[in-house]
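Reviewing the structure listed below.
Along the sequence shown, the residues carry numbers beginning at 1.
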Amino acid sequence: MKKESIEYLIQEFLKSYFGWEFSLKKRVLAFLCLQFGDSGKGKFSNLFARWAKVIVRPSGGDNSGHTSEYKGQEVVTHLVPSGIFFPDKINIIGSDTVVNPESLLKEIYYLKSLGVTFHNFFISLRANLILPSHLILDGLGENKAGKGRIGTTRKGIGPCYADHTARRGLVMNHLLNPEIFRSKLRALLNYHEQVISGMGCGYEARQMLEKINPDYVNSIGEDGLFNADNIADAYLAFGTELAGFIKNTDKMIRGFLGKENIALEGAQGIMLDVDYGTGQFVTSSHCTPAGMAKGAGLRECDIDASFGIIKGFYMTRVGKGPFPTELGGADSEIWCNENGSKAKELEGYADATIFDPDPFIQGVALRRHAHEYGASTGRPRRIGWADLPMLRYALEVTGVQHLILTRLDILTGVKTINLCHSYEYDGPDYTYGEKIFQKGMIIDEAIPDPEFLENCKPVYKEFAGWETDIRGLTDDTKLPVQLTKITRYIDAAIDHRARIAIISTGPGPEETMFMP
Ligand code: IMP
């Protein structure tokens, strides 16, 4: 191992942080976001891919976007694990994922065009198949919900997971058994057709399907909306292309336990988790270490350490749903979800500064400064200060004990940093099991219900910012005192339940501070 290489630094970090004995054995590490996603998991999966032999993306679908650097170029991946950029690594799309084979193939072609090879790449035979009808149901659900919509990525994620849970979904392995696939597909499309006609959305669905692929649509007057034969032919053709990758990856990964280092690459974030996230404003997969282990065919106890990733002192959210610390509140939500766009923001708010008295403008300035635009959708990400009640909740439900702070370099030069240390409840009485929350109560740990969070006013503690550029800093003793004051405050505010293990001081792999 070359001294001072990233691999060497990671190994030294594991030795000093977890102890010598820890670093002697092959380990399973999980990397997950404790917020609403987009916290910089891509960088850490990519970084630890140098340490791991096996990198697994256990859950979620092409709703996520991970940004990595490859040959000096920024590359966004959606489903393929970040270890793909290292030819000697084994990359696996796990069993709790939802896979749109067409979009996966596009991603593979794109990466291949950059010189990436796929000889060590596998997809679980149990990964769930996203069908064109799932895209339509997702889109129709959003269109019908009007103001109550979730703001999904419209990639068919929710409907695909719903079919899985309702025991009628299709999986990758069905593509290897054409007759079984055709008959199951026909039954599922019939069911989707009934749902669509029950919604009274036949015409809208037809228009959407035309856009996805005109071959998938029956002519008007023919039997039904979906041309099941054409969809089956197309999917079986995708299956032929993907066949070499489809394996019993659960068994494969279990076989690596104790023999190779394994990194689990999370998707989305705890506050978007289907069980623990903010009510209906979530994705449909499990984002916890337990969920990640299951998606990799492992048990939670097989994970040796889970790293919870949070943005350094600010956070973002894409789509709808409660966000107590959002700068600009409802105006920002409407701007990011309805009226705004990156282009409009770059043009119309060229002079926005973080020092503006209007929180909405502060938010725009911070977003522009931090380039917080969706990797998958290009949408402006809603932005606000770090929320400690939410962090306490996320730590409580995940049991995560190690934190990674990302994007800290972004806040250099910002005069005042606000941390939301608690909420003041400002709504009607809200019953949560045995508890009743009343107006004026101070809340230290978030509960995830949207109806509750919408009435929580953040209570901030103000900190002075720092001026010294910390970009690329790797030595923690050189961190500005103002910054360490904030990290110490966070340590205490979360009752030392988790330790800051790593600080990211820039997007590059070497711009990483491993804490002793
Ligand atoms: P879905 O996962 O497309 O069903 O979207 C459900 C919610 O999760 C929406 O608010 C999305 O914006 C959000 N979401 C899904 N994936 C991501 C992600 O990778 N980053 C941030 N938000 C996401």
Glu69 side chain reached by Val75 side chain, heavy atoms, under 4.5 Å: no
Polar side chain donor-acceptor pair, Tyr70 to Asn46, under 3.5 angstrom: no
Residue pair Arg299, Asp302: steps toward the salt bridge (charged side-chain N to carboxylate O under 4.0 Å, His left out) verdict: CA-CA 5 Å; Arg299 302 159 305 166; Asp302 292 324; 2.8 Å; yes
Lys342, NZ: over 12 other non-hydrogen atoms inside 6.0 angstrom: no
Face-on cation placement of Arg27 at Phe22 ring, 6.0 Å and 45° thresholds: yes
Parallel, tilted or perpendicular, as decided by the 30° and 60° cut-offs, for the rings of Phe121 and Phe118: perpendicular
Listed pairs under 3.5 Å, donor-acceptor, residues 508-516 side chains, sequence neighbours left out:
residue: Glu511; atom: OE1; partner: Arg471; partner atom: NH2; Å: 3.4
residue: Glu511; atom: OE1; partner: Gly508; partner atom: N; Å: 2.7
residue: Glu511; atom: OE2; partner: Arg471; partner atom: NE; Å: 2.7
residue: Glu511; atom: OE2; partner: Arg471; partner atom: NH2; Å: 3.3
residue: Thr512; atom: OG1; partner: Lys43; partner atom: NZ; Å: 3.1
residue: Thr512; atom: OG1; partner: Pro509; partner atom: O; Å: 2.7

Heavy-atom side-chain contact between Ile417 and Ile486 under 4.5 Å: yes
Distance, nearest 0.5 Å, that separates CD1 of Ile502 from CG of Leu403: 10.5 Å
Salt bridge (charged side-chain N to carboxylate O under 4.0 Å, His left out) between Arg126 and Asp250, worked out: CA-CA 9 Å; Arg126 289 201 297 120; Asp250 289 0; 2.6 Å; yes
CD1/Ile436: more than 12 non-hydrogen atoms of other groups inside 6.0 Å: no
Basic-acidic side-chain contact under 4.0 Å: Glu265, Arg57: no
Separation between OG1 of Thr249 and CG of Asn91, rounded to the nearest 0.5 Å: 12.0 Å
Any residue meeting side chain to side chain contact (heavy atoms under 4.5 Å, CB included) with Ala501, in chain and number order, not counting sequence neighbours: Phe13, Tyr17, Phe307, His402
Close side-chain approach of Met390 to Met315, heavy-atom, < 4.5 Å: yes
N/O donor-acceptor pair under 3.5 Å between Asn128 side chain and Thr97 backbone: yes
Full working for side-chain contact (heavy atoms from CB on, under 4.5 Å) between Phe463 and Thr416: CA-CA 6 Å; Phe463 292 85; Thr416 309; over 6 Å; no
ring-ring contact (aromatic ring centres under 6.0 Å, His included) partners of Phe355, counting only residues at least two apart: none
Heavy-atom side-chain proximity of Val99 to Ile93 below 4.5 angstrom: yes
Check against side-chain contact (heavy atoms from CB on, under 4.5 Å), Trp466 and Leu408: CA-CA 11 Å; Trp466 60 93; Leu408 260 193; 4.3 Å; yes
Contact check, side chains of Phe437 and Ile447, non-hydrogen atoms, under 4.5 Å: yes
Check ion pair Arg407-Glu372 (N to O, under 4.0 angstrom): yes
Check: Asp38 and Arg381 side chains under 4.5 Å, non-hydrogen atoms: yes
Heavy-atom side-chain contact between Val414 and Gln362 under 4.5 Å: no
Ring geometry between Tyr432 and Tyr430 (parallel below 30°, tilted from 30 to 60°, perpendicular above 60°): parallel
NZ/NE/NH1/NH2 to OD/OE distance under 4.0 Å, Lys294 and Asp96: yes
Leu114 side chain near Lys71 side chain, heavy-atom distance below 4.5 Å: no
Salt bridge (charged side-chain N to carboxylate O under 4.0 Å, His left out) assessment of Glu333 paired with Arg382: CA-CA 6 Å; Glu333 194 264 295; Arg382 299 160 64 193; 5.0 Å; no
